[in-house]
Amino acid sequence: MKTTLPVEGATRAPKIVPFRGLLYHQEKAGDPSRFVAPPYDVISPTQQERLYARDPHNVVRLILGKQHPEDTEQENRYTRAAADLKKWIQEGVLVRDEKPALYLYEQEFVLQGKKRKRRGLITLRRLEDFGQSIHRHEKTLEGPKRDRFQLITHCHANLSPIFSLYEDPQKEVVSLLDPHYKTAPFLEVVDDDQTFHRLWRLTESALLKKVSERLAAKGMFIADGHHRYEIGLAYRDWMKKKYPEAGDQAPFYYIMMFCAEISDPGLIILPTHRLVLRPNLDSTTLISRLRERFKVHSFSKERLGLFLQDFGAKADRRGFGVVLGQEATPYHFIELPPSDLLDVQSVHQSVLREILGFTEEDEKNPERIAYVKDQQELLSLVEREPDDFGILLSAPSPAEVFRVAQKGTVLPPKSTYFFPKLLSGLVFNPIDPEEEVII
């Protein structure tokens, strides 16, 4: 069966296409909040257990199934995920939409006491190698890629959307979408963090054609989901070998993607701080070497509040904070000179590589460096282990990250933390090589 949406003047191999989403059947499955989960890579073992207990059809069983000591090549987390997906479809717990659609997605959340909304749409985007109209900004690891490749080759579905950003200064796409948010969503879910997630379907063919054409003309960069995008490329090539007769618009040429406009007021990046574990340099030498390179503003223990205020109010200055555990003056704001580098790039290049002698492998080694999202947690960790030291960072803006990605630069690990995360379980994209996507 072909998934088609005939449109006059349609061209071959479009970049952006609607799709027939696979969704939980609300009447049969019940409360949708029982079935959703955060992205697989932020689910802790404790949260995994909680999601398993919440409902036997929770999406965690697909995206992050449990592993058992007795697992074999024939029976494992991937084969169980595939079996569960097939069973839930057969039982009618998951039902596929009859018409191809673009799915508007809104997240409403509270951050620092302020209510915010982030908006975008979930679509299929044609897979392309990095560097032309799709860009990356993070390095990927082989372990997670092997894991996600096993999952997609067993389930043959996109179970969570890639998170991407595009520029639309003239609001060519946004102006087409905005009126539809004033209508009632067909799905609303509240997650454990009290974030509201809402979905709308767009199915009118003329509108889909306009949105698809305008969005296809935009360059994009991946905000979150680098491993899954790279695996999408590998899966495409794997399927091409398995199905050499498949047409140019076979669904494995596409991947499910959430696209948000880069100036959306709800687009938030949170900083990820660094905890350097058992450094090979004492704190006195570290500060001395920093003073040789940068202007350093130092604060005593009693002036922690002023240090955090100074660090947080550096709108016209680039810089980062250093927190030491064995000094009478433990807090230091390191002022960086003007540069095209992001703060996080300067830290990894000047401090970790040049002063501490870290290698790329050290940056990935949890015994050398830990990545901490909460500022107060970092301060507590340094106080608890005074031989370690902390590095406080400010978050880059989405536009700054986009510029870096367009240059082909890959940032250090954990350079961006987009908040909130996209929810898994709202919509899936099944991949059937017998189908064809057309707009």
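We're numbering straight along the sequence, starting at 1.
Under the rule for a side chain to side chain contact (heavy atoms under 4.5 Å, CB included), the partners of Gln349 that lie at least two apart in sequence or sit in another chain are Leu341, Glu354. Scored by the ring-ring contact (aromatic ring centres under 6.0 Å, His included) test, His57 finds Trp88 as partners (sequence neighbours excluded). Applying the salt bridge (charged side-chain N to carboxylate O under 4.0 Å, His left out) test to Asp264 and every residue at least two apart in sequence or in another chain returns nothing. Scanning for salt bridge (charged side-chain N to carboxylate O under 4.0 Å, His left out) contacts around Arg77 gives an empty result, with sequence neighbours left out. Annotation: salt bridge (charged side-chain N to carboxylate O under 4.0 Å, His left out) contacts of Arg136 (sequence neighbours excluded): Glu230. With sequence neighbours left out, Glu172 forms a side chain to side chain contact (heavy atoms under 4.5 Å, CB included) with Asp168, Gln170, Arg214, Lys218. Residues satisfying the salt bridge (charged side-chain N to carboxylate O under 4.0 Å, His left out) test with Asp192, not counting sequence neighbours, are Arg54. Residues passing the ring-ring contact (aromatic ring centres under 6.0 Å, His included) test with His137, sequence neighbours excluded: Phe221, His226. Legend: residues meeting side chain to side chain contact (heavy atoms under 4.5 Å, CB included) with Pro337, ordered by chain and number and at least two apart, are Phe294.
Under the 4.5 Å side-chain criterion, counting only non-hydrogen atoms from C-beta, Val427 is in contact with Met256. Taking the side chain as every heavy atom from C-beta outward, Tyr40 and Arg228 approach each other to under 4.5 Å.
In this structure, Arg353 is not positioned above the aromatic face of Phe358 in the sense of NZ or CZ being under 6.0 Å from the six-membered ring centre and within 45° of the axis. Both the sub-6.0 Å distance and the 45° axial angle are not jointly satisfied by Arg274 relative to the ring of Phe320.
Applying the salt bridge (charged side-chain N to carboxylate O under 4.0 Å, His left out) test to every pair with at least one member in residues 367-380, sequence neighbours left out, gives these pairs: Asp362-Arg368. Residue pairs meeting the salt bridge (charged side-chain N to carboxylate O under 4.0 Å, His left out) criterion with at least one member in residues 61-70, sequence neighbours excluded, are Glu49-Lys66.
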Tell me which donor-acceptor pairs under 3.5 Å the side chains of residues 108-122 have, and how far apart each pair is, sequence neighbours excluded?
residue: Glu108; atom: OE1; partner: Arg198; partner atom: NH1; Å: 3.0
residue: Glu108; atom: OE1; partner: Arg198; partner atom: NH2; Å: 3.2
residue: Arg118; atom: NE; partner: Gln107; partner atom: OE1; Å: 3.0
residue: Arg118; atom: NH1; partner: Phe419; partner atom: O; Å: 3.2
residue: Arg118; atom: NH1; partner: Pro420; partner atom: O; Å: 3.3
residue: Arg118; atom: NH2; partner: Gln107; partner atom: OE1; Å: 2.6
residue: Arg118; atom: NH2; partner: Pro420; partner atom: O; Å: 2.4
residue: Arg119; atom: NE; partner: Glu106; partner atom: OE2; Å: 2.7
residue: Arg119; atom: NH2; partner: Glu106; partner atom: OE2; Å: 2.9

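Between the side chains of Tyr78 and Asp147, at least one donor N or O sits under 3.5 Å from an acceptor N or O. Judged by distance alone, the side chains of Thr195 and Asp193 never bring a donor and an acceptor atom under 3.5 Å apart. In this model, a donor atom of one side chain and an acceptor atom of the other lie less than 3.5 Å apart for Lys145 and Thr140. In this model, no donor atom of one side chain and acceptor atom of the other lie less than 3.5 Å apart for Arg148 and Ser160.
Judged by distance alone, with hydrogens and angles left aside, the side-chain atoms of Thr123 form a donor-acceptor pair with the main-chain N or O of Val17 at under 3.5 Å.
Ring planes of Trp238 and His156: parallel class, angle under 30° (limits at 30 and 60°).
In this structure, the ring of Phe258 has its center no less than 6.0 angstrom from the ring center of Tyr103. Taking the six-membered ring where the residue is Trp, the centroids of Tyr229 and Phe130 are separated by under 6.0 Å.
Heavy atoms from other residues, nucleotides or ligands lying under 6.0 Å from NZ of Lys364 number more than 12.
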